[in-house]
Q: 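Encoded as structure tokens, here's the structure I'll be asking about.
Quantities reported herein were computed from a predicted structural model and do not represent experimental measurements.
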Amino acid sequence: MRIAVTIFLTDETITPTRLARELEGRGFAGLYLPEHTHIPVERTTPYPAGGELPREYGRTLDAFVALGQAAAVTGRLGLGTGITLVAQHDPIDLAKQVATLDHLSGGRFTLGIGFGWNVEEAADHGVRWRTRRELGRDRMALMRALWSEEPVAYEGEFGSVRASHAHPKPVRKPRGPVVGPRTLLGGAAGPKLFAHICEYADGWLPIGGRGLSESLPRLRTAWTEAGRDPEALQVVPYAVHPTPGKLAHYADLGIEEVVVQLPPAGEAEVLKALDAYQEYL
């Protein structure tokens, strides 16, 4: 089983380059970074985990800039977002960022995407909350047009692009309906999410990994019914606090990669956490 990590990198934590070198040297599989452009002070949306919103949410580094630094000082480490809030991006700009990072890293990038939880943050980006999933789906389709080998136009409900020359291209070849880098969709289990995964992703990025014994068979059924290759589905539990029993359970379910949570801290504390996780490699 591959063990990757996620961390809220901020202006107060270990740096991307220091962490990336350490992860590759120790044999970790990858580094996934979250994103929040800003956290409005006047916020009525409750923090999903309960209690006060942790300080690091309002201090996150730009995930693509940080991962670009990590790519530059490593040669094997996987690089990913967990998650990119696609609805909050201009899709033409985002398609260029994604393809550039994937190209410069030699195809090491995983685009983890999702729909978010912070209504106020999304609203400042002009996102209408009730249609954010459809908007994200539409923007992914537009980006697939730009990532296609030949110029392809796209006309969607929320945006369009003319048939265009757009390079570089992501390294991976198309997989069924999926064009672009390895793409994992985050969110809570349910028919709507699973339909989106089957339509335009390589798999699921379930936060915490709870309830997989019940939900994974439902996703596999939806995947097969959508005509996708049963062997191609990827499920990557995300932001996991690992134990030997938990990882053994994931392995029994056929899961091959797990992303464990690191503290949003300085170098000494982060390296101590990596020491503790070393037993799982």
Side-chain angles (χ1 to χ4, degrees), residues 1-7 23-24 26-34 76-84 102 105 107-115 137 140 170-262 274 276-281:
M1 180 178 289
R2 302 187 304 278
I3 304 295
V5 307
T6 184
I7 182 175
L23 291 171
E24 182 159 277
R26 289 168 178 254
F28 285 88
L31 170 63
Y32 290 73
L33 298 181
R76 302 180 306 278
L77 187 71
L79 310 159
T81 54
I83 56 172
T84 295
D102 195 53
S105 67
R108 289 186 279 149
F109 182 62
T110 293
L111 178 61
I113 61 175
F115 307 109
R137 174 178 176 268
M140 287 298 300
V171 173
R172 294 183 185 229
K173 299 302 181 183
R175 291 88 60 204
V178 184
V179 177
R182 181 190 189 217
T183 302
L184 302 175
L185 180 55
K192 191 168 187 177
L193 180 80
F194 290 169
H196 281 230
I197 291 171
C198 296
E199 179 183 353
Y200 59 84
D202 293 297
W204 186 23
L205 198 67
I207 295 178
R210 292 181 180 176
L212 288 177
S213 296
E214 295 76 30
S215 56
L216 193 49
R218 299 200 302 271
L219 173 57
R220 285 175 171 152
T221 297
W223 183 267
T224 301
E225 290 177 349
R228 303 292 300 272
D229 178 1
E231 300 299 317
L233 175 62
Q234 301 176 50
V235 176
V236 182
Y238 187 80
V240 170
H241 296 280
T243 65
K246 190 180 292 186
L247 296 184
H249 173 61
Y250 293 153
D252 289 342
L253 293 174
I255 288 169
E256 298 178 348
E257 181 182 0
V258 173
V259 182
V260 301
Q261 183 72 59
L262 288 174
L274 291 180
Y277 289 156
Q278 204 77 36
E279 66 174 294
Y280 302 121
L281 298 182

Q: Between P170 and P181, what is the shortest heavy-atom contact and its length?
A: CB-N, 3.8 Å
Q: For P242 and V260, which heavy atoms make the closest approach, and how far apart are they?
A: CG-CG1, 3.7 Å
Q: Yes or no on side-chain contact (heavy atoms from CB on, under 4.5 Å) for I7 and L33, after CA distance, side-chain angles and deciding distance?
A: CA-CA 6 Å; I7 182 175; L33 298 181; 3.9 Å; yes
Q: Below 4.5 Å, heavy atoms only, C-beta onward: do R182 and V236 meet side chain to side chain?
A: yes
Q: Within the structure provided, determine whether P191 and R218 are in side-chain contact (heavy-atom separation under 4.5 Å).
A: no
Q: Rounded to the nearest 0.5 Å, what's the gap from CG on L23 to CZ on R76? Could you check?
A: 11.5 Å
Q: With rounding to the nearest 0.5 Å, note down the distance linking OG1 in T243 to OH in Y280.
A: 6.0 Å
Q: Heavy atoms only: give me the nearest A239-I207 pair and the separation to one decimal.
A: CB-CG2, 4.5 Å
Q: Determine the minimum heavy-atom distance between R220 and G254, stating which atoms define it.
A: NH2-CA, 4.4 Å
Q: Verify, without hydrogens or angle tests, whether W204 (side chain) and G187 (backbone) share a donor-acceptor contact under 3.5 angstrom.
A: yes
Q: What distance do L31 atom CG and T110 atom OG1 have between them, rounded to the nearest 0.5 Å?
A: 11.0 Å
Q: About how many Å separate NE2 of H196 and CD1 of I113, when rounded to the nearest 0.5 Å?
A: 10.0 Å
Q: Testing the basics here: between L193 and G186, what is the closest heavy-atom pair and its distance to 0.1 Å?
A: CD1-O, 3.5 Å
Q: Looking at L77, is its backbone amide N or carbonyl O close enough to the side chain of E24 to form a donor-acceptor pair, meaning the two atoms are under 3.5 Å apart?
A: yes
Q: Within the 4.5 Å heavy-atom criterion, are Y238 and I83 side-chain neighbours or not?
A: no
Q: Answer with yes or no whether the side chains of T183 and Y200 bring together a donor and an acceptor at under 3.5 Å.
A: no
Q: Heavy-atom count around E256 CD within 6.0 Å, excluding the residue itself: above 12?
A: no
Q: Counting heavy atoms not belonging to I3, are there more than 12 under 6.0 Å from its CD1?
A: yes
Q: Distance from D229 atom CG to D202 atom CG, nearest 0.5 Å?
A: 11.0 Å
Q: Check whether any side-chain heavy atom of M140 sits under 4.5 Å from a side-chain heavy atom of L111, and report yes or no.
A: yes
Q: Answer yes or no: does atom CZ of R26 have more than 12 heavy-atom neighbours from other residues, nucleotides or ligands under 6.0 Å?
A: yes
Q: Output, in order, the C-alpha distance, side-chain angles, deciding distance and verdict of side-chain contact (heavy atoms from CB on, under 4.5 Å) for R228 and V178.
A: CA-CA 10 Å; R228 303 292 300 272; V178 184; 3.4 Å; yes
Q: Test side-chain contact (heavy atoms from CB on, under 4.5 Å) on S213 and H249 and set out the steps.
A: CA-CA 9 Å; S213 296; H249 173 61; 3.0 Å; yes
Q: Among all residues two or more places apart in sequence or in another chain, which pass the side-chain hydrogen bond (donor to acceptor under 3.5 Å, both in side chains) test with R108?
A: T74
Q: Checking M1 against V258 for the side-chain contact (heavy atoms from CB on, under 4.5 Å) test, could you report, in this order, the C-alpha distance in whole Å, the side-chain angles of both residues, the deciding distance, and whether it holds?
A: CA-CA 7 Å; M1 180 178 289; V258 173; 3.4 Å; yes
Q: Looking at G112, is its backbone amide N or carbonyl O close enough to the side chain of T81 to form a donor-acceptor pair, meaning the two atoms are under 3.5 Å apart?
A: yes
Q: With rounding to the nearest 0.5 Å, note down the distance linking CG in L212 to CG in D252.
A: 12.5 Å
Q: Is the CZ atom of R137 crowded by more than 12 outside heavy atoms at less than 6.0 Å?
A: no
Q: Looking only at heavy atoms, what is the nearest atom pair of Y32 and A4, with distance?
A: CE1-CB, 3.7 Å
